[in-house]
Amino acid sequence: MKTIKTWLWLFFLSVLLYAGDLPTAFLQINPDATSMALGGTNEAYLNGGSDLFVNPALMVFHENKCVQFSNIIQWDLMQYFSFAATVPIYGRHAFGMGAIGVNVPDIQEYDENGNYLGNFDNYFYSVFIGYAYKFFPFTLGLSVKYVGSQFAAQSQSNNGSGFGFEIGVTYMPWHDLRVGANFKNSYEIKWNDSYHDYSPKQMGIAFDYHPEWIRKGFAHFLLGFKQMEQEPLKFNAGLEIFPIKDLAGVKFISFRAGVGNVNMELRDKLVTFDLLRTSEKFYSLGAGLLMNFGSSFHFELDYSYRILDVLDNQQVVSTKIWF
């Protein structure tokens, strides 16, 4: 028992600081560079393949297929990736599938006498399948996700899994304003030793205002609010501008800035101070480069830098292919 308690404490210390509350808080990590640069995910902002993870109702707005891949540049602490592909169908439907994964490497294990036993990894993953339907000015989306986690230490190994779903909606009251909302249900992660983890339900609502009176397609002003069960209400805000476009009018270079995880309430929190990876307030900057290879093929490269007070700053790189 002492052995298990010793390595379990070290396991929690390593994983909680860098992945969040076990075993589903890795899904709170911004899944791509654009989202992170804009202060966090926004349920009203069109972002390509990552829409599957943020608000599946957004997938139906895209005219082209999109494949997106992202990873966090922080290999000594954790290895994070997200992958998604979305396909529009006849203009009114869209289908998407993707995966998110985190590996926390080199967790050290010791016995009750302090003897080093070795290192082990702990990884988390989730697979998403989503569908969206448009009936203007509304769109509806649904995604189903399978979540899993596994570790294999010298003294013990275990794995757990569970299923959840997300329901998204968007509404456009005006041509330059989009409102989006997404609900995530609560569900359990069941481990092989009969232990259960609980993933709390969540709700997010956001606004994307892209006024044409400034200059058509020049800027997006983003504001979002998120509520996790037993957690303070939080908001995030972002700004994106497109100072340069190509001859076809497609954005060429974009600059982004944002602030995220700003608490709007003072009360007890479900997430403790240790779980800073998903709860600490941050500022972010980023940029994007989109290259147009004809009327229907585009390549986009995005970068973001997140500034934190307590934990190490973080960088994310994303690539998107539109075709």
Side-chain angles (χ1 to χ4, degrees), residues 14-20 25-51 53-54 66 68-84 98 100-105 204 206 208 210 218-224 226 234-244 251-263 271 274-291 298-321:
S14 298
V15 177
L16 293 183
L17 282 174
Y18 303 120
F26 74 100
L27 296 176
Q28 306 301 317
I29 299 174
N30 296 303
D32 64 278
T34 303
S35 295
M36 182 176 288
L38 292 171
T41 55
N42 183 288
E43 288 80 8
Y45 175 81
L46 303 181
N47 194 22
S50 292
D51 294 341
F53 308 130
V54 178
C66 181
Q68 171 262 325
F69 179 81
S70 302
N71 69 280
I72 292 179
I73 307 174
Q74 206 168 24
W75 294 101
D76 55 332
L77 299 181
M78 67 174 179
Q79 293 124 30
Y80 175 95
F81 81 93
S82 70
F83 169 83
I100 295 176
V102 174
N103 180 54
V104 182
D208 177 2
H210 38 282
F218 176 74
H220 286 257
F221 298 89
L222 307 176
L223 180 65
K226 290 179 172 55
K234 301 185 179 194
F235 84 86
N236 58 286
L239 170 65
E240 181 177 38
I241 60 173
F242 311 108
I244 302 176
K251 65 180 183 181
F252 179 61
I253 295 178
S254 55
F255 297 102
R256 308 174 180 113
V259 58
N261 284 344
V262 182
N263 286 339
V271 178
D274 287 338
L275 311 181
L276 291 169
R277 180 59 63 195
T278 57
S279 64
E280 184 184 2
K281 177 182 175 182
F282 67 90
Y283 299 93
S284 54
L285 298 169
L289 173 66
L290 187 143
M291 290 168 280
H298 312 280
F299 176 82
E300 185 173 352
L301 180 64
D302 298 299
Y303 170 82
S304 69
Y305 188 83
R306 185 163 78 158
I307 303 168
L308 299 161
D309 289 331
V310 180
L311 295 180
D312 294 336
N313 296 336
Q314 198 172 68
Q315 303 177 73
V316 179
V317 174
S318 298
T319 56
K320 298 173 191 162
I321 299 175

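Here, residue 1 is the first one in the sequence, and each next residue gets the next number. Side chains included, hydrogens not; waters and symmetry mates left out as well; all remaining heavy atoms used.
- Partner Arg306 forms a side chain to side chain contact (heavy atoms under 4.5 Å, CB included) with one of Val316, Leu285, Asn313, Asn30 and no other, that one being Asn30.
- Partners of Asp51 under the side chain to side chain donor-acceptor pair (under 3.5 Å) rule, at least two apart in sequence or in another chain, are His62.
- In this structure, CG in Leu223 is found 12.5 Å from CG in Leu239, a value given to the nearest 0.5 Å.
- Side chain of Ser318 to backbone of Asp302: no donor-acceptor contact under 3.5 angstrom is found.
- Nearest approach of Cys66 to Gly48, heavy atoms of both residues: SG-CA, 3.9 Å.
- Closest heavy-atom contact between Asn236 and Gly39: CB-O, 3.0 Å.
- Within the 4.5 Å cutoff, the side chain of Phe282 has no heavy atoms near those of the Ile307 side chain.
- Nearest heavy atom pair, residue Phe218 against residue Pro243, reads CE1-CA, 4.0 Å.
- By the side chain to side chain contact (heavy atoms under 4.5 Å, CB included) test, Ala44 pairs with Asn42, Arg178, Ala206, Asp208, sequence neighbours left out.
- To the nearest 0.5 Å, the span separating CG on Asn47 from CD on Glu300 amounts to 7.5 Å.
- Take Ile321 and apply the side chain to side chain contact (heavy atoms under 4.5 Å, CB included) test, not counting sequence neighbours, and it matches Phe297, Phe299, Phe323.
- Other residues, nucleotides and ligands contribute over 12 non-hydrogen atoms within 6.0 Å of the CZ atom of Phe81.
- Between Phe83 and Phe53, the shortest heavy-atom distance links the atoms O-CZ, 3.3 Å.
- Side-chain N or O atoms of Lys320 include none that pairs as donor or acceptor with a backbone N or O of Ser50 at under 3.5 Å.
- To the nearest 0.5 Å, atoms OH (Tyr303) and CE (Met36) are separated by 10.5 Å.
- Inspection of the Gln314 and Tyr305 side chains reveals no N or O donor paired with an N or O acceptor under 3.5 Å.
- Atom OH of residue Tyr80 and atom OG of residue Ser70 lie 7.0 Å apart, to the nearest 0.5 angstrom.
- The side chain to side chain donor-acceptor pair (under 3.5 Å) check on Ser284 picks up nothing, with sequence neighbours excluded.
- From Gln28, atom CD reaches atom NZ of Lys226 across 9.0 Å, with rounding to the nearest 0.5 Å.
- Nearest heavy atom pair, residue Ala219 against residue Phe242, reads N-CD1, 4.3 Å.
- Two residues are said to be in side-chain contact when any heavy atoms from C-beta on lie closer than 4.5 Å; Ile72 and Val317 fail this criterion.
- Residues Lys234 and Val262 are not in side-chain contact: their nearest non-hydrogen atoms beyond the backbone lie 4.5 Å or more apart.
- The side chain to side chain donor-acceptor pair (under 3.5 Å) test applied to Ser82 returns Gln68, not counting sequence neighbours.
- Taking both residues in full, the closest heavy atoms of Leu308 and Lys281 are given as CD2-O, 3.9 Å, listed atom of the first, atom of the second, then distance.
- Atom OG1 of residue Thr319 and atom CG of residue Leu289 lie 12.5 Å apart, to the nearest 0.5 angstrom.
- Centroid-to-centroid, the aromatic rings of Phe221 and His210 stay 6.0 Å apart or farther.
- For Asp32, there are no salt bridge (Lys or Arg N to Asp or Glu O under 4.0 Å) partners at least two apart in sequence or on another chain.
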